[in-house]
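Keep in mind that this is a model prediction, so the values were computed, not measured. Heads up: numbering here begins at 1 and tracks the sequence.
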Amino acid sequence: MKAAGEAIEPARQEEEPDAARPRRGTGRRLHGAIAHKLGAAIVSGEYAPGDRLEGEVAFSETLNVSRSAYREAVQVLVAKGMVESRTKAGTRVLPRSRWNLLDPDVLAWAFTGEPDIDFIRDLFELRKIVEPAAASLAAERRDRDDLKAMKTALTAMRKHSLATEAGRTADRDFHNALLQATRNEAVVALSASIGAAVSWTTQFKQRARALPRNPIPDHVRVYDAIAAGEPAAAAEAMRILVDLALEDTRSAMQV
């Protein structure tokens, strides 16, 4: 069984029945930090499918956190399909096929360390399936507000660049606005996952060096085709954008 690791800084504290014992952290921020720590360890392979996590008593003692905070963190992982918790059997890691890999938190945990190249390829394949078709629909169905949202995002991307958090947020906003413009609820439901994939891969590409090229003109070509009401051109521009983003990411992983 793996060691739990270093202590987590408590967000706030609650009184223990025994005043002589150290006070432990509780609260939403704390159980979120515990879930992040465990989730990242699972995604990285520190805990393999079938492994049992350290029990709540041992874990809370090691990290000096409340048992309730640990239990809440485990429930976060249960909701994401990463673990199952049973009385007496403890908490075990589920097979990767059960995980909600498109959950924005799970995507963030995957990029905490060195993500698997096959997983990155899978994300880009998903984007290549969804986003060109979405761009085509957006070219047919967008309205003035959709175009305004995309143009505002492009302006912010130019102003801040994708090397900044503000620029990456604008990038995510652009893709979100495009999906919203499809007027397809099933496609729109993917916006959080697509947005998280865009944001994390863009940030990952810059972990060791600056972006190899400026991808903002690729986004402008997508916007121009959508604004012109040209579905085929919009789909092709988006396909090229995703292909080039994948090549940039592969290049970054070879550094």
Minimum-distance pair of heavy atoms, taken over all atoms of Ala170 and Met157: CB-CG, 3.6 Å
Is it true that the NZ or CZ of Arg96 lies under 6.0 Å from the centre of Phe119's six-membered ring and within 45 degrees of the ring axis? yes
Decide if atom CZ of Arg98 counts as having more than 12 heavy atoms of other residues, nucleotides or ligands within a radius under 6.0 Å. no
For a 4.5 angstrom cut-off between non-hydrogen side-chain atoms, does Lys80 reach Trp99? no
How about Ile120 and Phe204: do any of their side-chain heavy atoms sit closer than 4.5 Å? yes
Spacing of Leu77 atom CG and Tyr47 atom OH [to the nearest 0.5 Å]: 11.0 Å
Who pairs with Arg141 by salt bridge (charged side-chain N to carboxylate O under 4.0 Å, His left out), at least two apart in sequence or on another chain? none
Apply side-chain contact (heavy atoms from CB on, under 4.5 Å) to Thr91 and list each qualifying residue two or more places apart in sequence or on a separate chain. Leu53, Val74, Val83, Ser85
Is there a path of hydrophobic side-chain contacts, each under 4.5 Å between heavy atoms, that joins Trp109 and Val198? yes
Taking all heavy atoms of Met150 and all of Ala177, pick out the closest pair and write down the distance. CG-CB, 3.7 Å
Could you grab the distance from atom CD1 of Ile34 to atom CZ of Arg71, nearest 0.5 Å is fine? 11.0 Å
Asn176 meets the side-chain contact (heavy atoms from CB on, under 4.5 Å) criterion, sequence neighbours left out, with Gln180, Ser191
Can you run down the side chain to side chain donor-acceptor pair (under 3.5 Å) pairs that involve residues 192-204, sequence neighbours left out, and say none if there aren't any? Arg172-Ser199
Do Leu162 and Leu244 land in one hydrophobic cluster if side-chain heavy atoms of ILVMFWY residues count as linked below 4.5 Å? no
Find out whether Arg121 and Glu125 are in side-chain contact, i.e. whether some heavy atom of one side chain is under 4.5 Å from a heavy atom of the other. yes
Only counting residues at least two apart or in another chain, list the ones meeting side-chain contact (heavy atoms from CB on, under 4.5 Å) with Arg86. Glu84, Ala89
Should Thr112 and His36 count as side-chain neighbours, where that means a heavy-atom distance under 4.5 Å? yes
Identify whether Leu137 and Met238 are in the same connected component of the hydrophobic contact network (ILVMFWY, side-chain heavy atoms under 4.5 Å). no
Quick one: which residue pairs count as a salt bridge (Lys or Arg N to Asp or Glu O under 4.0 Å) with a foot in residues 144-161, not counting sequence neighbours? Asp146-Arg183
Would you list the atom pairs, donor with acceptor, under 3.5 Å between side chains in residues 222-234 and any protein atom, with sequence neighbours excluded?
none

Contacts of type side-chain contact (heavy atoms from CB on, under 4.5 Å), residue Ala134, not counting sequence neighbours: Leu178, Leu179, Thr182, Val187
Check step by step if side-chain contact (heavy atoms from CB on, under 4.5 Å) holds for Leu107 and Leu123. CA-CA 10 Å; Leu107 288 171; Leu123 288 177; 3.8 Å; yes
Residues passing the salt bridge (charged side-chain N to carboxylate O under 4.0 Å, His left out) test with Glu140, sequence neighbours excluded, are none
One should read off an interatomic distance between Ser161 OG and Ile216 CD1, to the nearest 0.5 angstrom, of 7.0 Å
Under a single-linkage definition using a 4.5 Å side-chain heavy-atom cutoff for Ile, Leu, Val, Met, Phe, Trp and Tyr, are Leu102 and Val78 assigned to the same hydrophobic cluster? yes
Beyond-backbone contact of Tyr70 with Leu38, side-chain heavy atoms, under 4.5 angstrom: yes
Using the salt bridge (Lys or Arg N to Asp or Glu O under 4.0 Å) rule, collect all pairs that involve residues 184-195, keeping only residues at least two apart or in two chains. none
What residues, two or more places apart in sequence or in another chain, satisfy salt bridge (charged side-chain N to carboxylate O under 4.0 Å, His left out) together with Arg221? Asp218
Pairs touching residues 127-138 that satisfy side chain to side chain donor-acceptor pair (under 3.5 Å), sequence neighbours left out: Arg127-Glu131, Lys128-Asp243, Glu131-His175
For the residue pair Ala41 and Ser44, what are the closest heavy atoms and their distance? O-OG, 3.0 Å
